[in-house]
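Inspection log for the structure reproduced underneath, given as structure tokens.
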Amino acid sequence: GKVGHCHPVMFIDAGYAGDMVAAKSTSGCYLAIVDPEIFAPITASCNKQTCVPHSSTGREIVAAGHGISMGGLQALAFWVLATEFFRTDF
């Protein structure tokens, strides 16, 4: 497909208290470029959370913040530049 049909997608999730001693959860994120015919993985990361949220919503918010700050905003800024550079609708 054309570059205009592709878009970046970040999948983010949190695991509950993977560190049983400190009760810290794990954040995971996965960035890919997708369209109806393409799924191209770009990067992935997994980190122990530095805080101890006491709700599943809190864990997910911490994971989302980690994913956005560690790659999501940079990927979006790059994607805007790349689509402008490679656009085909002159």
Side-chain angles (χ1 to χ4, degrees):
K2 292 183 183 178
V3 171
H5 295 136
C6 297
H7 59 277
V9 175
M10 180 168 273
F11 302 92
I12 300 172
D13 198 12
Y16 176 68
D19 181 343
M20 297 302 288
V21 175
K24 293 189 176 179
S25 298
T26 303
S27 297
C29 64
Y30 185 88
L31 177 67
I33 301 299
V34 300
D35 82 354
E37 300 172 3
I38 296 171
F39 186 90
I42 303 299
T43 188
S45 71
C46 181
N47 298 84
K48 187 187 308 184
Q49 293 183 356
T50 57
C51 59
V52 183
H54 296 287
S55 68
S56 58
T57 303
R59 288 185 291 279
E60 297 296 338
I61 290 171
V62 170
H66 170 75
I68 291 168
S69 67
M70 293 305 291
L73 291 177
Q74 296 90 337
L76 186 57
F78 171 77
W79 192 253
V80 168
L81 290 173
T83 55
E84 283 295 314
F85 184 76
F86 291 110
R87 70 175 216 208
T88 58
D89 60 336
F90 293 110

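- Separation of atoms NZ (K48) and OG (S25) is listed at 11.0 Å; rounding is to 0.5 Å.
- Closest of all the heavy-atom pairs between Q49 and A14 is NE2-CB, 3.9 Å.
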Please tabulate, one pair per line, all N/O donor-acceptor pairs under 3.5 Å involving side-chain atoms of residues 38-46, not counting sequence neighbours.
none

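- Note: the hydrophobic cluster containing I33 does not contain Y30 (ILVMFWY, side chain heavy atoms under 4.5 Å, direct or indirect links).
- Under the side chain to side chain contact (heavy atoms under 4.5 Å, CB included) criterion, Q74 pairs with no residue, sequence neighbours left out.
- Of all the heavy atoms in A63 and D13, the pair that sits closest is CB-O, 3.6 Å.
- Across S27 and H66, no two heavy atoms sit closer than the pair CB-CD2, 4.2 Å.
- Residues meeting the side chain to side chain contact (heavy atoms under 4.5 Å, CB included) test with T57, sequence neighbours left out: S55, I61.
- Taken together through direct or relayed side-chain contacts under 4.5 Å among Ile, Leu, Val, Met, Phe, Trp and Tyr, W79 and L31 form part of one hydrophobic cluster.
- Atom CG in N47 sits 7.5 Å away from atom SG in C29 (nearest 0.5 Å).
- Surrounding CZ of F78 are at most 12 heavy atoms belonging to other residues, nucleotides or ligands under 6.0 Å away.
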